[in-house]
Structure formats: C-alpha cells, structure tokens
K.L.:
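One structure follows; several queries about it will come next.
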2 protein chains.
Amino acid sequence: MRHVAESTIRRLPLYLQFLEKAEAEGKATVSSRALAERGGATPAQVRKDLSFFGSFGKRGIGYPTRQLASQVREILGLGRRYRVVIVGAGRIGAALANYPGFEQRGFDVVAIYDADPGKVGRRLDGLTIRPVTALGDDLGAAPVDIAVIGTPGAAAQDTADRLVRLGVRGILNFAPVSLVVPREVALTNVNMALELEALTFALNRRRA
Amino acid sequence: MRHVAESTIRRLPLYLQFLEKAEAEGKATVSSRALAERGGATPAQVRKDLSFFGSFGKRGIGYPTRQLASQVREILGLGRRYRVVIVGAGRIGAALANYPGFEQRGFDVVAIYDADPGKVGRRLDGLTIRPVTALGDDLGAAPVDIAVIGTPGAAAQDTADRLVRLGVRGILNFAPVSLVVPREVALTNVNMALELEALTFALNRRRA
DNA sequence: GAGTGTGAAATTGTTCACAGCG
DNA sequence: CGCTGTGAACAATTTCACACTC
C-alpha cells in the first residue's frame, strides 16, 4: 500500500454508506459501476481507490458486499469505537449531541462542555453539560480520541490549544474560524458560511 | 480569465475572511505570505489563485486590503444579498436559522419549513415555522436563490426535487445522504458522519 | 530589498484501455 | 462474457524560480 490520495480517503465513507445500504437490501455483490453512481465517481475510480488497499473483488462478479463493507470499515479505522467530547453547548453543539449518525457509526459522545455557568448542569440528550474548566481533570482521568468544537469563533483557538495539550488526536471544528494545530493532530474544518460563499460563486457561474 | 480551479474557489472565502479581519485591524496592505498562513495555502498558491482574476497587488508592497476584499467579494458574487430558505426545523435547521455568519455575510434567511404539524407555527429566531406544503405558493410568490436542507435523510431527495422544480439554483445539504440534482443546480453536501470517518483514518495514519 | 505575477517543472489525481480471472 | 485490477496516458493542481516593479 503506497501513498493513498487524500481524495481517495474522502470517497471511502461514501462507498461505505452505499455498501451498508446494499447489505441491508440483501445484495450479495456490488459492482464498481453501482458503487460509482453514489458518490459521484467513475467505475474506474472506484476500482483504483479500492486497489490501493488490496484486491477485494471477483472478476466477472463484482465485490462481495458484506466483506467489502467490513474491509472499508477496517481501512478507515472504524473497527473500534471512538470517544468523543463536544465543547460548546450552543445550538451547534446541541445539534451535534443528538446527531444520529454518531452513535450509530461508532462514535460515543461521552461529555459536552460549556463556558456559560447558566448552561452548566442542564441536561442535553442524556448528558449533563459540564463546565469547560473540568476538561483537564476529565480528560486526564479518561482520555478521548476526538473533540468537536462548537464554541463561538473567539473561543475556538484557545479551546483547540487546550484540547491538544490534553491529548486529543483529532478535531472537528464547526466554529467559523480556521484553527492552527500541530501537524500530528488531525483537523477538519466545517464552516457553513464559507460553504455558502463558494456556492454563490457556482450560482453565478452557471447563469453564464 | 480562463478555467478557474474548483479548489481555487474554495480558498477564496478563506482569503476573504482573513482580509476582513486585517481590514478591521486597520492593515492597509497584506502580503501573499500573510494570506497564506490562514487558509493553509502557500504564498505562491495565493498569488496564483488571485492572478486568475487580475493583478491586484503591488510588487514590493503586497495587496491593498480593502480593495482586494472588495474584489474577492465581487468574484464570489457577494456584491448582493441572497434569499435563503431552510427546510427542516429539527436541531440542524434550528442551529442554521440562527447561525451568525449568514445574515452578516449577505444571506437572508426568509423562511423555515417543517413537515411536522406539531412544529408548524412555532417561532424560531424571529421566523414562524411554516408547513412544507406552503413551499410551492411561497416560492411562487417570492423566489429564493438558495435552500438549506436539514431534513431527515429519508425526506432529503424529495425535498431537493421539489426545490429544484420551484426554481432554487443552489442547495446546501446537511442531510446524511448524497443528493442527485440537475447539473445546472449548484449543490454542496455537508455530512458530519462522513467528516468524522475521514478524520478517523487520519487519526490512525498519524500514529504510524 | 520586498513582494507580485507567471510560465515552466513537478506532483498529484483521474481516466483509459486492456489483460486476465471467474 | 462480465467485471476487476492496473500500468500507462492524460489532466488538473501545486510548487518553483525568477523577471520585474515599487
């Protein structure tokens, strides 16, 4: 397994989504063509993507649905569950706390934090909102893998710095600022305003 | 102006974010190096990106902050305001309705819809939740540019189909399914579970 | 000197096309 | 025969490097 393209990795969850659907529908095998339709790829691209990791298909037949799903989960590191904390119990934090995809796909939200004393102690989807000041003790006692940042923009970088110091290895950032973290920490930014702005460009482009 | 790379477009909002910050701080000019630091690009990339659209900088000095910001806004089509509807008043919809970045950056959320009669009529950030059945009449009377989909996955494709028929030109989809829309409609998918899964891969990669 | 603008080189990512297996 | 696996061709994107201007 040589250098795997970043873009390949980002397509794998899409393939997995399709595979799980096909599995639920009882399809024993699935072709690269079928996989390509979801996920906006071409059949050749699907085959190339998968070939980075091994030969999972049977010529003339396709890929065994169940096995491939399990392989892709393995590749993505979804063979185990991940401990996740959410920092920021505002609307974004609240939306994330009960996002059905998380639990279902192996991510356990173990705690949610907020800086506002008025929010601390309230319950949210079975979790009691804890003060951000407790982060150090909590993560010291039981480390987590991933943190989701849903704080206001102004607090996001400080929050990230603290989380990194506390050993968090991956950050999913919903605050509308670009964070700086050490290279060894995986960071994904989701910035809705930026998405909308890029969309706007496309909107005007297509009119032409 | 030749073919502009998709990746270039996606960096422009990042540059704009930085330019607005620099403008607020009273910096008269800004260098490609400074612009690159935010936005995870290289100085050369910034210069190349901008050069697709014209020569905005002065050699030896940098780019005039205010002018460049205004140019980038123009390029992205942010010279006017956009009418936006949100479909789905669940937690994601609620989080989006009050997302501070929207209003501030030229996007007016004019209505929010839900299929659940129990939610219809409730107020959310100054908007009364309307029944999805009213979409046809509402958009017929006053068209919108962009729709944000925050429905459950099962309803997302139907919703998208209807919105497209009603003349929506751009869709920002937060439902956890990949939507299919005609080529002339601009679509951006934001799928949090998928982001997390790609993050997981990076997490394990870096350990090596 | 500092910093842009830009062709040309290097790298990265995608598509083709076909050999080979089931 | 259908469909995978993959080198080789091609296309897109990024980086380099340097002429040029302030």
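Here is the naming used below: chain letters follow the sequence lines, and residue numbers restart at 1 for every chain.
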K.L.:
Measure the distance from CD on B:Gln67 to P on C:dT4 and round it to the nearest whole Å.
P.N.:
15 Å
K.L.:
So, is B:Thr42 close to the D:dT15 phosphate, meaning a side-chain N or O under 4.0 Å from OP1 or OP2?
P.N.:
yes
K.L.:
Could you tell me whether the phosphate oxygens of D:dC16, OP1 or OP2, come under 4.0 Å of any side-chain nitrogen or oxygen in B:Arg47?
P.N.:
no
K.L.:
Report the distance from atom NZ of A:Lys48 to atom P of D:dA11, rounded to the nearest whole Å.
P.N.:
16 Å
K.L.:
Report the nucleotide, chosen from D:dA17, C:dG13, D:dT13, that has the shortest atom-to-atom distance to any side-chain atom of A:Glu6.
P.N.:
C:dG13
K.L.:
Hey, does the side-chain of A:Lys58 have a donor or acceptor N/O within less than 3.5 Å of a partner on the base of D:dG2?
P.N.:
no
K.L.:
Quick one: B:Gln71 CD to C:dG5 P, roughly how many Å, whole number?
P.N.:
11 Å
K.L.:
Is it the case that the side chains of A:Gln45 and A:Asp49 hold a donor-acceptor pair, with the cut-off being a distance below 3.5 Å and no angle test?
P.N.:
no
K.L.:
In whole angstrom, what separates B:Asp49's CG from D:dT15's C1'?
P.N.:
12 Å
K.L.:
Would you tell me if any nitrogen or oxygen in the side chain of A:Tyr63 comes within less than 4.0 Å of OP1 or OP2 on D:dG2?
P.N.:
no
K.L.:
Hey, what do you get for OH (A:Tyr15) to OH (A:Tyr63), rounding to the nearest 0.5 Å?
P.N.:
9.5 Å
K.L.:
For B:Phe52 and C:dT4, give me the distance from atom CZ to atom P, rounded to whole Å.
P.N.:
17 Å
K.L.:
Charged N to carboxylate O below 4.0 Å: is that the case for B:Glu6 and B:Arg11?
P.N.:
no
K.L.:
Taking only the side-chain nitrogens and oxygens of A:Ser32, find out if one of them lies under 4.0 Å from OP1 or OP2 of D:dT4.
P.N.:
yes
K.L.:
Between A:Gln45 and C:dG13, is there a side-chain N or O to OP1/OP2 distance below 4.0 Å?
P.N.:
no
K.L.:
Using OP1 and OP2 only, check whether a side-chain N or O of A:Ser7 sits under 4.0 Å from C:dT14.
P.N.:
yes
K.L.:
For A:Phe56 and C:dC21, what is the distance between atoms CZ and C1' respectively, to the nearest whole Å?
P.N.:
18 Å
K.L.:
Using side-chain contact (heavy atoms from CB on, under 4.5 Å) as the criterion, point out the one residue from A:Leu135, A:Leu139, A:Val87 that pairs with A:Val168.
P.N.:
A:Leu139
K.L.:
Look at the side chain of A:Arg59 and the base of D:dT4, then say whether one donor and one acceptor between them are separated by less than 3.5 Å.
P.N.:
yes
K.L.:
Using whole Å, report how far CG of A:Leu50 lies from C1' of C:dT14.
P.N.:
15 Å
K.L.:
Is A:Arg130 salt-bridged to A:Asp137, cutoff N-O under 4.0 Å?
P.N.:
no
K.L.:
Assign each of A:Ile61 and A:Thr8 to its nearest nucleotide of DNA chain C by heavy atoms, then name whichever residue's nucleotide is nearer the 5' end.
P.N.:
A:Thr8
K.L.:
Expressed as a whole number of angstroms, how long is the span from B:Leu12:CG to D:dT13:P?
P.N.:
14 Å
